[in-house]
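Remarks on the structure that follows.
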Amino acid sequence: MRTGFSNPMTKLSVKQQLLLLFLLMVSPIFILHSYGNSEAEQILKRHVTNAYAELNKQNHTLIDRDIDTVNKITTTIIQNPIAQQLVPNDDETVIERVRKYEKMDALLAGYSTALNGGEAVYYSLYIYDPHNEYFFAPKVQMIQSGVYFFTDANKPKWFDTAVSLKGLGFMEIIENNDMLVKKRTLAYIRAVNTVNQGHSVIGVLIATNMDKKLEESMRSVSLPGGEIYFTDQQNYILASTNPKTMGTTVELPATASGNQPVNLDKPIINSEYIYMASDNELLQQRLTYKIPIKSLLQQQNEVKRVIQLISVAYILFGCIVIFYFWRSLMTPLQRLATFVRRYEPGKRVPETPGKGRNDEVGVLIGALYDMARRLNGLIHDKYQMEIKQRESQLQILYQQINPHLLYNTLESIYWKSSLEGNSESAEMIKELSKLMKISLSRGRELITLAEELEHAAAYVKLQQKRYDYDFQVIWSVPDTMMHHLIPKVTLQPLIENAMIHGVKNMGEDGEIHITADYEGDKLLIRVEDNGFKDVDYKAIESLLNEPTANPTFGYGIKNIHQRLQLHFGNIYGIQYKKRNGGGTVVTIVLPAADERKEQGDV
């Protein structure tokens, strides 16, 4: 006879068990609520402090990104040829200086615009002009951006500091004019050096209104009754959510030794405020939060009331759930659990019980039974698909053998023809072998421009020897562009069209030019012919850009256009236009970036 420990829960009804479970779930809430009231203040300070410390780091990262953006824009302006040419030169005429001044002023104005409704950063360039060669330019700042020339008499205070830093940027609060009204602003200051003349100084570039820009980033964080300061390592305020504090020093509470803290690795808490900061050691900058404790305690009381309401609602909800489970859910769910435990994939699924139920339980039961039936169907379909997949894999392997066999056979014929002295036939076989080799290209869809040009050249040589054509093909592609990627078999159909529809019957007068150059961030490859036949460019444009165009006309060029767009995007492809002097120009537009790699290329 079996003896052992008897579970006391089995002596209770299911209703009593659910009631006991409910009491066990509710009791910890009251216990935690009582304990939380006694420890809430310290816990709140600690957790809120940690949360704000992490938020402080993220906010500092956002500000560093704003400063880095300004630094990058100043680098772009400095490296711009317009800025590099803006050096006083005795040999220039006044008109030339005026034009340089206008171009530089327009360049700075173009960067001094707000993005997405935010605060704008204004860029100004100050140039030392001791001989007053730019006499027509303003000597006093009139607007927030522009080019200004000065002499020793009105040299800005920060000019020599910027020059001594040799191109490194720094931030300083300066006096700035806005429509002859002086105001203080935080500026990012950086010397402009010449790139090609021994790094001599052209002038100093400043970005003003940085305090408003950084204040905008700081206000993305909401501190209840608190303030945010962006300072240097000496706590000198460069920007703040309270503009009145700019240019003052943050007064931190003294440490236990009575001294001001050197850093804020850990939050400082006194009776009134919590101070926390994150430092950027590289830029010697600090972001400090000052949070009043009183506002946190007000939030604590609100949280207490919310917790009490949630506790009451939780108890009421628990009562409703227990009643619902008892009356409507327990029995059908137990039957459903029994079906799930006994179900084995592939076996017959019985009729769905409880079809008359329209509630969530009925939907769940029906869905599980239907899922079991679909799973049985999927098992059968998967078995059939595995069989078909294996057949397809075998067929692909057979198809891969044929091109390689033909390529190897052509190589053998080429060597045999060479040994027998049939040099012209051997050369034609060699060119055809190249066509086969590059067309295969180890399964790659994208090949280098050098490989594509070799493929096209082999095709041209083969056609010239086959039909004894006299037209000329001129290749003008720089070696520096050979590394760019292009879908394979792109040039050959275009050259074939130029031969057949352009220069085939022109003899020695026929010319096909293949050129390439850069246009911004794009690589343009052009295939030009001087043929005399009329071409319907509107029909070609419609074929390339309209999905409902007649597919029987120009299938080859549409295929090329679609492949380019699938690989690189809709802004790329091919373009047709009439050539000056007669003929047609086909332009292949590719991305100039060379970091793209062909997936699967080993």
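- Within 6.0 Å of CD1 in Ile95 there are 12 or fewer heavy atoms belonging to other residues, nucleotides or ligands.
- The two residues Leu55 and Tyr289 have their closest heavy-atom pair at O-OH, 3.7 Å.
- In terms of heavy-atom proximity, Thr208 sits nearest to Ala187 at CG2-CB, 4.2 Å.
- In summary, Arg526 and Asp517 engage in a salt bridge, as defined by a charged side-chain N under 4.0 Å from a carboxylate O.
- Judged as a side-chain hydrogen bond (donor to acceptor under 3.5 Å, both in side chains), and not counting sequence neighbours, the contacts of Thr75 are Arg190.
- In this structure, Gln285 CD and Gln233 CD are separated by 8.5 Å, a value rounded to the nearest 0.5 Å.
- In terms of heavy atoms, Ala207 sits closest to Val70 at CB-CG1, 3.7 Å.
- Taking 4.5 Å as the limit, every side-chain heavy atom of Leu494 sits out of range of all side-chain heavy atoms of Met499.
- Every residue two or more places apart in sequence or in another chain was checked for a side-chain hydrogen bond (donor to acceptor under 3.5 Å, both in side chains) with Asn505, and none qualifies.
- Evaluation of the salt bridge (charged side-chain N to carboxylate O under 4.0 Å, His left out) test over residues 561-586, restricted to residues two or more places apart or in two chains, returns Glu528-Arg579.
- Looking only at side-chain heavy atoms (C-beta outward), Leu590 and Ile525 come within less than 4.5 Å of each other.
- Below 30°, between 30° and 60°, or above 60°: for Tyr123 and Tyr111 the angle between ring planes is above 60°, a perpendicular geometry.
- Remark: Arg219 pairs with Glu215 by the salt bridge (charged side-chain N to carboxylate O under 4.0 Å, His left out) rule, at least two apart or across chains.
- The local environment of CG in Asn154 is crowded, with over 12 non-hydrogen atoms from other residues, nucleotides or ligands closer than 6.0 Å.
- Lys538 is linked by a salt bridge (charged side-chain N to carboxylate O under 4.0 Å, His left out) to nothing, counting only residues two or more places apart in sequence or in another chain.
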For this session: Determine, stepwise, if the pair Val250 / Ile237 fulfils side chain to side chain contact (heavy atoms under 4.5 Å, CB included).
Result: CA-CA 7 Å; Val250 180; Ile237 299 176; 3.5 Å; yes
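- In this structure, Arg184 and Glu175 approach most closely via the heavy-atom pair CG-OE2, 3.5 Å.
- Both cation-pi conditions hold for Lys290 and Tyr273: the charged atom is under 6.0 angstrom from the six-membered ring centre and inside a 45 degree cone around its axis.
- With hydrogens and angles ignored, the 3.5 Å screen pairs a side-chain donor or acceptor of Thr448 with a backbone N or O of Glu451.
- With salt bridges taken as basic N to acidic carboxylate O contacts below 4.0 Å, one links Asp279 and Arg286.
- One finds the NZ atom of Lys57 at 8.0 Å from the OG atom of Ser278 (value rounded to the nearest 0.5 Å).
- Partners of Asp68 according to the salt bridge (charged side-chain N to carboxylate O under 4.0 Å, His left out) rule, which considers only residues two or more places apart in sequence or in another chain, are Lys72.
- Scanning both residues, Ala516 and Leu523, for their nearest heavy atoms gives CB-CD1, 4.5 Å.
- In this structure a side-chain-to-backbone donor-acceptor pair under 3.5 Å is present from Lys558 to Leu543.
- Residues Glu496 and Tyr459 have side chains in contact (heavy-atom distance under 4.5 Å, counting atoms from C-beta outward).
- We find the CD1-CG distance between Ile67 and Asn280 to be 8.0 Å, quoted to the nearest 0.5 Å.
- The aromatic rings of Tyr128 and Phe150 sit tilted, their planes meeting at an angle between 30° and 60°.
- The distance between the ring centers of Tyr576 and Tyr537 does not fall below 6.0 angstrom.
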Problem set entry | Residue pair Ile174, Ile206: steps toward the side chain to side chain contact (heavy atoms under 4.5 Å, CB included) verdict | CA-CA 10 Å; Ile174 66 172; Ile206 68 170; 4.0 Å; yes
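- Side-chain contact check for His501 versus Asp529: every heavy-atom pair is 4.5 Å or farther apart.
- Asn530 places a side-chain N or O within 3.5 Å of a backbone atom of Glu511 that can act as its donor or acceptor partner.
- Residue Thr288 holds its OG1 atom at 7.5 Å from CG of Asn56, rounded to the nearest 0.5 Å.
- In terms of heavy-atom proximity, Ala162 sits nearest to Ala191 at O-CB, 3.4 Å.
- Two residues are said to be in side-chain contact when any heavy atoms from C-beta on lie closer than 4.5 Å; Ile574 and Ile557 meet this criterion.
- The aromatic rings of His484 and Tyr518 stand perpendicular to each other, their planes meeting at an angle above 60°, with 30° marking the opposite boundary.
- Of the inter-residue distances, the one linking Leu238 atom CG with Thr245 atom OG1 reads 10.5 Å to the nearest 0.5 angstrom.
- Tested against Pro493, the residues Thr490, Ile495, Val489, Leu491 include a single side-chain contact (heavy atoms from CB on, under 4.5 Å) partner, Val489.
- In this pair, Trp158 and Tyr126 present their aromatic rings perpendicular. The plane angle is above 60°, beyond the 30 to 60° band.
- With contacts defined as side-chain heavy-atom distances shorter than 4.5 Å, the pair Val121/Ser112 does not qualify.
- Using modelled atom types, one side-chain atom of Thr241 and one backbone atom of Ile228 make a donor-acceptor pair closer than 3.5 Å.
- With hydrogens and angles left out, the side-chain atoms of Asn242 and Glu227 include a donor and acceptor closer than 3.5 Å.
- Side-chain contact annotation: Asp211 with Thr185, donor-acceptor N/O pair under 3.5 Å present.
- Salt-bridge formation is not detected for the pair Glu102/Arg99: no Lys NZ or Arg NE/NH1/NH2 atom is positioned less than 4.0 Å from an Asp or Glu carboxylate oxygen.
- Rounding to the nearest 0.5 Å places CG of Asp509 at 9.0 Å from CD of Gln472.
- Side chains of Tyr572 and His567 form no contact here, defined as non-hydrogen atoms less than 4.5 Å apart.
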